[in-house]
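The structure appears right after this line, and notes come after that.
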Amino acid sequence: MGKKSSSKIAIIYLIGMALVALGFILPMFKSALGTSNGFDFIRFKDGSGNFKISLVTLAAILIFCGAVLGIVFCFVGGKNADLLKLVFLIVSIVGGILLIIRYNDNWLTKAIGKGFWKHAYYGTYMILAGWVVGLVGWVTKK
């Protein structure tokens, strides 16, 4: 008799983190100058050319690296793989919160009102959906 092969890959979590990574690559915000994806927020030099990592750069790196490492750990086994996947999801979400705070001057009123959501584009919505799907996938272990 043949043996059934059961996959241990958390497919729902994997789909969620892939949505976050894809949403980061796609246009996240639109403005009068055009659209910008997540890589447009990563700058390692200030206006005078000196090396400086801003909070926006750190936030963008956290979003993308959290998603990519979450994808990688879907395929890597180990005792702490589930805990690490949760940590990478949280890191990505914290990066998103930092980006929202720094993207707006007055983050509380603009995040609740029109300031942030008025400029959000489909990449932002894919990231938000990816976080929700990833969290559901981690909770259900599927």
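What you are looking at is a predicted structure, and each value in this text was computed from that prediction instead of being measured.
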(request) Would you check, one step at a time, whether the test ring pair (Phe, Tyr, Trp, His ring centres under 6.0 Å) holds for F29 with Y122? (result) CA-CA 8 Å; F29 298 102; Y122 55 89; over 10 Å; no

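- Checked against Y13 for a side-chain contact (heavy atoms from CB on, under 4.5 Å), the options D82, V139, L89, V133 give a single hit: L89.
- Every ring pair (Phe, Tyr, Trp, His ring centres under 6.0 Å) that F39 has, sequence neighbours left out, goes to F24, F64.
- In this structure, the side chains of M28 and S36 stay at 4.5 Å or more apart for every pair of heavy atoms.
- Closest of all the heavy-atom pairs between L26 and N37 is O-CB, 3.3 Å.
- A side chain to side chain donor-acceptor pair (under 3.5 Å) check over residues 57-78, counting only residues at least two apart or in different chains, returns the pairs S54-T57.
- Cluster annotation: L83 is not connected to L69 through the hydrophobic network of ILVMFWY side chains, with a link wherever side-chain heavy atoms come within less than 4.5 Å.
- Scanning all heavy atoms of the two residues, the minimum distance from T35 to P27 falls at CB-CB, 3.7 Å.
- Applying the ring pair (Phe, Tyr, Trp, His ring centres under 6.0 Å) test to residues at least two apart or on different chains, the pairs with a partner in residues 81-102 are F73-F88.
- Taking CG of L62 as the reference point, atom CD1 of I90 lies at 12.5 Å (rounded to 0.5 Å).
- One finds the CD1 atom of I93 at 12.0 Å from the CG atom of L98 (value rounded to the nearest 0.5 Å).
- For the side chain to side chain contact (heavy atoms under 4.5 Å, CB included) test, residues two or more places apart in sequence or in another chain that qualify with I71 are L14, M17, A18, A21, F75.
- Between G38 and A60 the shortest heavy-atom distance is O-CB, 3.9 Å.
- The minimum heavy-atom distance between G66 and V91, with the atom names listed, is CA-CG1, 4.4 Å.
- Rounding to the nearest 0.5 Å places CG of L135 at 11.5 Å from CD1 of I12.
- Across I63 and S92, no two heavy atoms sit closer than the pair O-OG, 3.2 Å.
- Atom CD1 of I15 sits about 12.5 Å away from atom CG of L22, to the nearest 0.5 Å.
- The side-chain tip of K52 does not point at the ring of F44 from less than 6.0 angstrom away and within 45° of straight on.
- Scored by the salt bridge (Lys or Arg N to Asp or Glu O under 4.0 Å) test, D40 finds no partners at all (sequence neighbours excluded).
- Taking the side-chain hydrogen bond (donor to acceptor under 3.5 Å, both in side chains) definition, one finds that N50 meets it with S48, sequence neighbours left out.
- When all heavy atoms are compared, the tightest approach of C74 to A10 is SG-O, 4.2 Å.
- Placement of I25 and I127 within a single hydrophobic cluster is found when ILVMFWY residues are connected by side-chain heavy-atom separations under 4.5 Å, directly or transitively.
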